2 protein chains.
Amino acid sequence: MNDFFQKEFTTGQFAALYGVNKRTLMYYDSIDLFKPAIVKKNGYRYYTYGQSVFFDVIQLLRKLRLPLEEIKKHLAHCTPQKTRTLLYNQSQMLEQELAELMWLQKVVQNKISRMEAKPEIDYSKIEIIESKAQAIVTSEPTSKISMEQVMKITLKFMRDCYHTRTYNGYPLGYMMDAEKMQQGDFSQLTNCFYHIDENHSEAVNWTYKPAGRYLVGYYKGSWTNMDPALQQLTDYANGHGLTFTGNAYLENILDDTAAVEDYYYCEAKISILLK
Amino acid sequence: MNDFFQKEFTTGQFAALYGVNKRTLMYYDSIDLFKPAIVKKNGYRYYTYGQSVFFDVIQLLRKLRLPLEEIKKHLAHCTPQKTRTLLYNQSQMLEQELAELMWLQKVVQNKISRMEAKPEIDYSKIEIIESKAQAIVTSEPTSKISMEQVMKITLKFMRDCYHTRTYNGYPLGYMMDAEKMQQGDFSQLTNCFYHIDENHSEAVNWTYKPAGRYLVGYYKGSWTNMDPALQQLTDYANGHGLTFTGNAYLENILDDTAAVEDYYYCEAKISILLK
DNA sequence: ACTTGACTATACAGTTACTGTATAGTTTAT
DNA sequence: ATAAACTATACAGTAACTGTATAGTCAAGT
């Protein structure tokens, strides 16, 4: 049994046994991470079964994203205590990575769902819709500041939502003061917002787009030329004796990922809360 | 508003805005992935807010592990349909990665728990223990074949358990025919096995180490010199009128990750089912 | 003994997605 | 006018392999 553990395998054989590339074994040899049990005088490397545990450990630590250099250091002075600490740290790291991946997965799933569910929209239609409350996160206020500042705040908001994993894959929206809008002032964006999944987002300070009756219209065209559409909605409201209250919500319909070609082009849903 | 989108940022400013390294922007320029809106005649690159959506998409696809070359190709002929397919494929990939990571996390957690829970063992103690059934997976039979073949099967078993994520981080064990053992034949390992988490393992064909009364002894020393310990247990059984039945289980106590120094050294628990 | 095919080793280059650094030129603030 | 702060380019380096060309070695068959 003893000499059996010593049975010699060439690089190719040992590599095949473990399903790795033999150049990897040579590489590990060259960086002194995992060396053959013996090198014969013709230069041929020979590995043994006895080395398998060692090799397995390397493979595991590799999977745990530990750099080869760290693995080497660890194996050089490896105590049960140190091993425990190492595993614990890597496990913490894995946890982070898992959280990130699960979030990403959710984001992508939501984007896909939205793409698949996209209905045919009559962009000239104006309607009144009874809507449930929807969870959103909002940015800092953007009213009464320069467009430059608005953009800065928007970018910061987007970056923050991304990093804090508040973002759930829904497109960005903007809010306006609905009462000002009714007075014909379309210039003041009060803030921007994201829809979020009430149950799954890691958002901390989120609110609702309130439940209620909304006047809803659609728009497609250049980002920079939306005012006539807003005017049309306002006219409609005034012509039908409707009173705006609270906020107007400009929500992108197209997902960012899909609408890359022309960055001025947008399709948006405009909903304004009615009294 | 129009000229506002055109507002120019130098490489450094744009990089700071998005929290990336400015050399990265230069790199993206050099590989024609993301180029500045304008390059002035002094060679300075200028980026604009209008490019931000494009850049965001690149960042997202990057997070989804899509290589830069693929991102480039995709953005070159990007339709909603293609985007959907792409996102779907990457999401499938993420799912794989998530499954792998969650398994790894479980493996590491189990290893850590075992290390922390390791009791002080009196290795000379022999006792009779009432044990519950424990979930295990077993390898192909290894009896009546050469030691070489046994090792091959063992390695294959380990590799399989690893790749199918059946392995849950518990050390390898070996089984022997308990009746043959009582007759003094310690040579025949019937197969090897892993303990698994009944609820969490992805194992397909698993069985139980049966509930019942076990004669339990311990061993520490060379792997190749365990026979005297087995003899001692057998003698004890014969001296106390105990009859072996079913299988004997040789279970490693040390985790592979922690016991790397000397690959002959092992600490094992030997439990033999009693009639 | 000789040839053939299958292996081995080394050296060198290439991969991906950056990042660092040295050098030289440009802009901006004082 | 000058210094500080920026810009650009060229070149090299990173990690963890992987591919390839070349040359040497081994085992089997004739």
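It should be emphasised that the depicted structure is a prediction, and the values quoted were computed from it without experimental measurement. These numbers come from the heavy atoms of this one structure, side chains and all, not from hydrogens, waters or symmetry mates. Proteins come first, then strands; the chains are lettered A, B, ... in the order of their sequence lines, and each starts at number 1.
Each of A:G43 and B:Y44 was assigned the nucleotide of DNA chain C with the nearest heavy atom; the assignment lying further toward the 5' end belongs to A:G43.
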Test log, rule side-chain hydrogen bond (donor to acceptor under 3.5 Å, both in side chains), inputs A:T142 and A:Q149: CA-CA 8 Å; A:T142 54; A:Q149 283 300 316; over 6 Å; no

Residues B:Y162, B:W103; criterion ring-ring contact (aromatic ring centres under 6.0 Å, His included); working and verdict: CA-CA 10 Å; B:Y162 214 74; B:W103 165 72; 5.4 Å; yes

Determine whether A:E198 and A:W206 satisfy the following criterion, side-chain contact (heavy atoms from CB on, under 4.5 Å), listing intermediate values before the conclusion. CA-CA 9 Å; A:E198 199 166 325; A:W206 55 274; 3.4 Å; yes

Trace of the side-chain contact (heavy atoms from CB on, under 4.5 Å) decision for A:T138 with A:T190: CA-CA 10 Å; A:T138 56; A:T190 54; over 6 Å; no

Steps toward side-chain hydrogen bond (donor to acceptor under 3.5 Å, both in side chains) verdict (B:Y170, B:N110): CA-CA 7 Å; B:Y170 303 112; B:N110 279 341; 3.3 Å; yes

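The distance from the NZ atom of A:K63 to the CG atom of B:L101 is 10.0 Å, given to the nearest 0.5 Å. With rounding to the nearest 0.5 Å, the separation of OG1 in A:T166 from CG in A:D160 is 8.5 Å.
One interatomic measurement links the two molecules: CD of A:E8 to P of C:dT8, which rounds to 14 Å at whole-angstrom precision. Distance CG (B:L25) to C1' (D:dT9): 16 Å, rounded to an integer number of Å. Protein atom CD1 of A:I71 is 8 Å distant from nucleotide atom P of D:dA16, rounded to whole Å. Atom-to-atom, CG of A:D29 to P of D:dA16 comes out at 17 Å; the value is rounded to the nearest Å. Distance NZ (B:K41) to C1' (D:dA8): 16 Å, rounded to an integer number of Å. If you take CE of B:M26 and P of D:dC11, they are 16 Å apart, rounded to a whole angstrom. Taking atom CZ on A:F34 and atom C1' on D:dA16, their separation rounds to 17 Å, with Å as the unit. For A:K72 and D:dA16, the NZ to P distance is 11 Å, given to the nearest whole Å.
Ring geometry, A:Y47 versus A:F14: the interplanar angle falls under 30°, so the pair is classed parallel (tilted spans 30 to 60°). Ring pair B:Y44/B:Y46 is tilted by interplanar angle, where 30° to 60° counts as tilted. Relative ring orientation between B:F9 and B:Y49 is described as perpendicular, the plane-to-plane angle rising above 60° on a 0-90° scale split at 30° and 60°.
The shortest distance between the side-chain N/O atoms of A:N42 and the OP1/OP2 oxygens of C:dA9 is not below 4.0 Å. Of the side-chain N and O atoms in B:T11, one or more sit less than 4.0 angstrom from OP1 or OP2 of D:dA8. In this model, the phosphate group of C:dA9 is approached by a side-chain N or O of A:R45 to a distance below 4.0 Å at OP1 or OP2.
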Distances under 3.5 Å only, N/O to N/O: pair up the protein atoms with those of nucleotides 15-22 of chain C.
unit_1	atom_1	unit_2	atom_2	d
C:dA17	OP1	B:L68	N	3.2
C:dA17	OP2	B:L68	N	3.4
C:dC18	OP2	B:Y28	OH	2.6
C:dT19	OP2	B:T24	OG1	2.7
C:dG20	OP2	B:N21	ND2	3.4
C:dG20	O6	B:R23	NE	3.3
C:dG20	O6	B:R23	NH2	2.2
C:dT21	O4	B:R23	NE	3.3

I'd like a table of atom pairs between the protein and nucleotides 2-5 of chain D - only N or O on both sides, under 3.5 Å - with the distance next to each one.
none

Review item, nucleotides 1-3 of chain C N/O atoms under 3.5 Å of protein N/O:
none

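Only one option out of B:F55, B:Y27, B:Y18 pairs with B:F34 in a ring pair (Phe, Tyr, Trp, His ring centres under 6.0 Å); it is B:F55.
Counting only heavy atoms from C-beta outward, the side chains of B:D256 and B:L172 never approach each other to under 4.5 Å.
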